[in-house]
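The figures here come from the full heavy-atom set of this structure, side chains too, leaving out hydrogens, waters and symmetry mates.
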Amino acid sequence: MKKTFTFAILHFSVAFTLAYLLTGDIILGSLIAMTEPMVNTVVFYFHEKAWQQLKFNRIALLSPSKKTASFAIFHFSVAFLVTYLLTGDALIGGLMATIEPSINTVVFYFHERFWQRNEKAKITLHCHHHDLHQHSREISELPEVNSPTKVY
């Protein structure tokens with residue numbers, strides 16, 4: 001859920017900035033910025049659930065760009081529909097659907113890479129912890145060494 005939350009923060013920020021610049025209206029820009037990322041965050045959650053399946057997870061780890069492309073398709077669709085429905089303007093809907101998902105696709109890619117690095121770090125840390133734990137167990141199982149023998 002942390003991953004979804006961080007994605008939502010980034011998405012809201014990009015959407016508001018662009019919606020305000022396109023409409024020149026802070027209220028309409030805010031409404032678009034609240035609605036579009038909210039819908040896309042729900043889509044993102046289910047997208048993540050789908051990509052966590054073993055066969056898709058392997059693809060995502062080997063090629064994060066494929067996972068990014070699949071999300072981009074959903075994102076373009078949601079951006080256009082939400083913006084068009086709120087403004088009634090196909091041009092603004094089209095611009096929002098082109099520019100906002102493009103920016104967020106780049107943001108998504110780096111967001112995904114960040115989370116993958118975190119996951120790899122946890123795995124590495126876990127492996128090293130296991131190795132250290134195993135190593136300490138092996139040392140503790142060694143016969144005790146008596147004090148040095150005095151040689152006369």
Side-chain angles (χ1 to χ4, degrees), residues 1-140:
M1 202 61 166
K2 288 179 186 177
K3 185 176 179 182
T4 302
F5 182 71
T6 58
F7 173 75
I9 291 170
L10 292 170
H11 196 154
F12 282 111
S13 301
V14 170
F16 173 75
T17 303
L18 187 58
Y20 175 69
L21 290 173
L22 287 174
T23 63
D25 184 336
I26 197 161
I27 302 297
L28 189 55
S30 297
L31 186 58
I32 292 168
M34 293 300 292
T35 308
E36 191 272 342
M38 209 178 328
V39 173
N40 265 318
T41 299
V42 172
V43 170
F44 175 82
Y45 175 79
F46 288 107
H47 184 261
E48 282 296 303
K49 295 289 268 182
W51 277 92
Q52 286 174 358
Q53 294 178 19
L54 189 57
K55 63 182 178 180
F56 292 128
N57 195 19
R58 286 185 191 142
I59 295 168
L61 289 173
L62 294 173
S63 180
S65 59
K66 289 181 181 177
K67 183 177 177 182
T68 302
S70 74
F71 183 72
I73 293 167
F74 287 110
H75 198 155
F76 286 109
S77 302
V78 169
F80 176 79
L81 286 172
V82 167
T83 305
Y84 176 71
L85 290 173
L86 291 173
T87 64
D89 190 328
L91 178 62
I92 292 175
L95 287 171
M96 189 72 170
T98 304
I99 300 168
E100 191 268 347
S102 297
I103 293 169
N104 270 317
T105 297
V106 172
V107 170
F108 176 86
Y109 178 81
F110 288 107
H111 182 261
E112 187 66 21
R113 297 291 297 174
F114 170 82
W115 281 95
Q116 282 183 352
R117 277 192 218 110
N118 278 352
E119 193 59 35
K120 286 177 185 175
K122 285 179 189 175
I123 290 168
T124 301
L125 184 60
H126 177 72
C127 289
H128 289 302
H129 172 72
H130 177 72
D131 291 345
L132 289 173
H133 183 69
Q134 181 66 26
H135 182 67
S136 67
R137 194 174 327 142
E138 290 168 358
I139 290 173
S140 68

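Residues passing the side chain to side chain contact (heavy atoms under 4.5 Å, CB included) test with Thr105, sequence neighbours excluded: Thr68, Ala72. Lys49 is linked by a side chain to side chain contact (heavy atoms under 4.5 Å, CB included) to Tyr45, Gln52, counting only residues two or more places apart in sequence or in another chain. Under the side chain to side chain donor-acceptor pair (under 3.5 Å) criterion, Thr4 pairs with no residue, sequence neighbours left out. Residues forming a side chain to side chain contact (heavy atoms under 4.5 Å, CB included) with Ile103 (at least two apart in sequence, or on another chain): Val14, Ile99, Val107. With sequence neighbours excluded, the residues satisfying side chain to side chain donor-acceptor pair (under 3.5 Å) with Ser70 are His47, Trp51. Taking Phe80 as the reference, Tyr84 meet the ring pair (Phe, Tyr, Trp, His ring centres under 6.0 Å) condition, with sequence neighbours excluded. Residues satisfying the side chain to side chain contact (heavy atoms under 4.5 Å, CB included) criterion with Ser30, sequence neighbours excluded, are Phe16, Ile26.
Pairs of residues two or more places apart, or lying in two chains, that qualify as salt bridge (Lys or Arg N to Asp or Glu O under 4.0 Å) and include a residue from residues 67-81 are Glu48-Lys67, Lys67-Glu112. Applying the salt bridge (Lys or Arg N to Asp or Glu O under 4.0 Å) rule to pairs touching residues 7-33 yields nothing, sequence neighbours excluded. Listed by first and then second residue, the side chain to side chain donor-acceptor pair (under 3.5 Å) pairs involving residues 91-103 are His11-Glu100, His75-Glu100, Glu100-Asn104 (not counting sequence neighbours).
A distance of 11.0 Å separates OG1 in Thr17 from CG in Leu22, rounded to the nearest 0.5 Å. Considering OG1 of Thr83 and CG of Leu91, their distance stands at 11.5 Å, rounded to 0.5 Å. Atom OG1 of Thr41 sits about 10.5 Å away from atom CZ of Phe5, to the nearest 0.5 Å. The CG atom of Asp89 lies 10.0 Å from the CG atom of Leu28; values are rounded to the nearest 0.5 Å. Remark: Leu86 CG to Leu81 CG distance equals 10.5 Å, nearest 0.5 Å. One distance of note links OG1 of Thr87 with CD1 of Ile92; it measures 5.0 Å at 0.5 Å rounding.
When all heavy atoms of Thr23 and Gly29 are compared, the pair lying nearest together is OG1-N, 3.8 Å. The shortest non-hydrogen separation linking Glu36 to Val78 is O-CG1, 4.1 Å. In this structure, Ala79 and Ala97 approach most closely via the heavy-atom pair CB-CA, 3.8 Å.
Residues Leu10 and Phe108 are not in side-chain contact: their nearest non-hydrogen atoms beyond the backbone lie 4.5 Å or more apart. The side-chain heavy atoms of Phe7 and Trp115, taken from C-beta on, include no pair separated by under 4.5 Å.
When atom types are taken as modelled, the side chain of Thr6 and the backbone of Lys3 share a donor-acceptor pair closer than 3.5 angstrom.
Side-chain rings of Phe46 and Phe74 stay apart, their centers remaining 6.0 Å or farther from each other.
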